[in-house]
Amino acid sequence: MTETAAGVSGRFTRPQRWLLPGDLLTEPADLAAADPGAPGTAVRLPQPRPPRRTPRDWAVDLTLFGWSLGMWALMVFVALPTLEHTPEWIRAIDAPLGLLACGALWVRRRHPLAVALLVVPVGAVSASAFGALGVVVLSTALRLPTRRALALLAANIAVAIPYFIFCSLPEDNSGWGDIFFSVAYLLTFFAWGVATRARRQLVVRLRQDAGRERAEHARRMADARRAEREAIAREMHDVLAHRISLLSVHAGALAYRTSGAAGAHAKPLSDAEVGESAQVIRDNAHQALEELREVLTVLRGTTPGALTEAGGGRPQPRIAEIGELVAEATRAGQRVVLDQKYAEGAAEALRDQAQRTVYRVVQEGLTNARKHAPGALITVTLVGAAGQGLTVRIRNPLPVTAGAGREHIPGAGAGLAGLEERIALDGGSLLHGATNGAFELVAKLPWPAA
């Protein structure tokens with residue numbers, strides 16, 4: 001807001017940059033007659049409702065008010081009659097001003113600065129406001145900025161000292177003790193307020209730290225749950241995608257050979273061949289269900305992180321079982337050549353998680369070739385040695401056209417992404433892509449020296 005208030009009401013000359021709650025730029029009568037929706041009409045912003053006192057606030061306020069009122073009665077009925085050199089006009093206004101200071105304590109929470117400024121001149125002529133003065137000093141130290149509170153403390157001390165000098169010292173010069181007591185009294189209440197403020201700020205910081213810690217803990221738990229879900233997804237994909245793709249291949253071939261439309265392209269299957277194909281499909285379906293049951297059993301009893309760290313808690317595939325995996329793919333109709341270029345049994349020295357990863361790489365490569373290049377020759381090569389690392393390479397020619405009678409086998413499309421994450425956890429790397437008319441999947445894993 002940059003237009004001047006004078007342009008609205010004609011009463012002000014300096015620009016009003018901020019419109020605070022309760023600010024009124026026009027006369028009340030003009031505001032009542034104005035259209036609130038008209039351009040240039042000034043409106044009063046709603047005043048924020050002050051927070052209500054809690055039972056604890058009421059108890060504190062009543063205690064401090066009682067303390068101030070007790071000090072007022074002590075000064076009026078005990079101390080003031082002994083001050084013979086106090087002028088009569090000061091005696092006449094002392095008690096009413098003391099009561100005014102005590103009553104002002106009820107609004108010190110909402111208006112601490114106004115109450116503090118009020119008691120400064122009151123403290124200069126009223127001894128009965130002594131109790132209320134200490135409470136106000138406490139309130140300023142608690143609620144106002146430190147510099148402003150120190151300035152108000154200095155002002156209260158400065159105006160209180162002359163009162164004691166003129167009213168106590170002329171009698172027998174014994175009033176210096178009263179002066180020192182008054183200064184110590186105000187400093188004590190000020191220190192009390194500073195300490196209370198520091199404690200409250202500490203509590204706020206501790207609560208903020210606790211809130212940040214809870215948020216950080218929730219974030220860590222969310223990350224752990226997300227990592228666990230990703231590990232579960234990888235395990236489910238690796239275990240079931242290979243088996244289900246075998247089922248799809250066998251069922252597709254059986255449907256193609258037994259359909260009436262295929263009579264012109266292939267010889268119909270005999271009853272024995274149909275029975276053999278059905279047996280293969282049933283065996284693979286049973287195996288898939290068994291593997292699914294094992295995975296679900298692990299998931300039900302797995303604590304967070306155990307699936308990733310312990311590999312699921314069930315017997316995991318090893319490098320020695322890759323030959324069986326290749327034989328199973330060959331029985332399903334794939335053409336696979338396995339070439340293991342390392343000493344027999346040497347790979348058994350690899351840790352279990354690395355062996356499982358190598359198995360999953362070969363399994364994923366065969367599954368992808370079965371989906372995207374059916375009938376192509378697949379070459380599986382494992383090369384490595386202790387201290388030099390292990391390289392797993394799966395290569396198959398790119399398909400020219402889709403095979404006749406074959407349908408595309410659906411998939412999640414996340415197998416290679418999950419495989420890359422798995423290999424990265426083992427400290428390896430994964431490369432894949434088409435080169436020289438063939439698709440290659442190359443995984444490099446560390447093989448520590450013996």
Side-chain angles (χ1 to χ4, degrees), residues 53 57-83 85-169 171 174-198 200:
R53 282 187 175 91
D57 294 338
W58 278 107
V60 171
D61 290 348
L62 286 173
T63 301
L64 295 179
F65 179 73
W67 156 263
S68 302
L69 203 59
M71 290 295 294
W72 174 86
L74 179 65
M75 298 299 292
V76 170
F77 299 108
V78 177
L80 280 178
T82 64
L83 299 179
H85 298 279
T86 303
E88 291 297 330
W89 65 274
I90 292 182
R91 291 176 181 270
I93 64 174
D94 194 307
L97 289 179
L99 285 177
L100 175 64
C102 292
L105 297 181
W106 289 104
V107 295
R108 78 187 190 284
R109 293 179 182 271
R110 192 181 307 177
H111 307 290
L113 180 59
V115 173
L117 293 175
L118 172 67
V119 299
V120 170
V122 171
V125 294
S126 175
S128 61
F130 192 59
L133 183 59
V135 177
V136 171
V137 169
L138 168 65
S139 178
T140 56
L142 183 61
R143 292 180 172 82
L144 295 181
T146 303
R147 292 184 179 179
R148 191 174 297 176
L150 285 173
L152 291 170
L153 173 64
N156 281 298
I157 293 177
V159 300
I161 290 177
Y163 178 88
F164 288 100
I165 291 177
F166 290 109
C167 296
S168 299
L169 286 182
E171 183 178 0
S174 62
W176 290 105
D178 295 338
I179 296 177
F180 293 144
F181 172 78
S182 300
V183 173
Y185 170 83
L186 295 179
L187 291 177
T188 300
F189 272 86
F190 185 82
W192 184 6
V194 170
T196 304
R197 179 177 182 176
R200 291 184 179 181

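- Side-chain atoms of V136 and N156, non-hydrogen and from C-beta on, never get closer than 4.5 Å to each other.
- Listed for the S128 side chain is a donor-acceptor partner under 3.5 Å among the backbone atoms of D94.
- Judged by distance alone, with hydrogens and angles left aside, the side-chain atoms of S126 form no donor-acceptor pair with the main-chain N or O of G123 at under 3.5 Å.
- In terms of heavy atoms, A95 sits closest to V76 at CB-CG2, 4.0 Å.
- Using modelled atom types, one side-chain atom of R108 and one backbone atom of L105 make a donor-acceptor pair closer than 3.5 Å.
- When all heavy atoms are compared, the tightest approach of T140 to P112 is CG2-O, 4.4 Å.
- Summarising the geometry, atom CG belonging to L62 is positioned 11.0 Å from atom CG belonging to D57; distances are rounded to the nearest 0.5 Å.
- A parallel orientation is assigned to the rings of Y185 and W67, their planes being inclined by less than 30° (bins at 30° and 60°).
- Annotation for A129 and V122: closest pair CB-CG1, 3.8 Å, computed over non-hydrogen atoms.
- Taking 4.5 Å as the limit, every side-chain heavy atom of T146 sits out of range of all side-chain heavy atoms of V194.
- The two atoms that bring W106 and D61 nearest to each other are CZ3-CB, 3.7 Å, heavy atoms only.
- Within a 6.0 Å radius of CZ in R53, more than 12 heavy atoms belonging to other residues, nucleotides or ligands are found.
- With rounding to the nearest 0.5 Å, the separation of CG in L150 from CG in L144 is 11.0 Å.
- Closest of all the heavy-atom pairs between V125 and L97 is CG2-CD1, 3.5 Å.
- Here the side chains of R143 and R109 are in contact, with some heavy-atom distance below 4.5 Å.
- For C102 against L69, the heavy-atom pair with the smallest separation is SG-N, 4.1 Å.
- Once rounded to the nearest 0.5 Å, the distance linking CG of L186 with CZ of F181 reads 9.5 Å.
- Here the side chain of S139 pairs no donor or acceptor atom with the backbone of V135 at under 3.5 angstrom.
- The distance from atom CG of L142 to atom CZ of F190, rounded to the nearest 0.5 Å, is 11.0 Å.
- With values rounded to the nearest 0.5 angstrom, L133 atom CG is found 11.5 Å from L138 atom CG.
- Under the 4.5 Å side-chain criterion, counting only non-hydrogen atoms from C-beta, W72 is in contact with L99.
- Side-chain N or O atoms of R200 include none that pairs as donor or acceptor with a backbone N or O of A195 at under 3.5 Å.
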Assess whether side chain to side chain contact (heavy atoms under 4.5 Å, CB included) is satisfied between L100 and V119, documenting all intermediate values. CA-CA 9 Å; L100 175 64; V119 299; over 6 Å; no

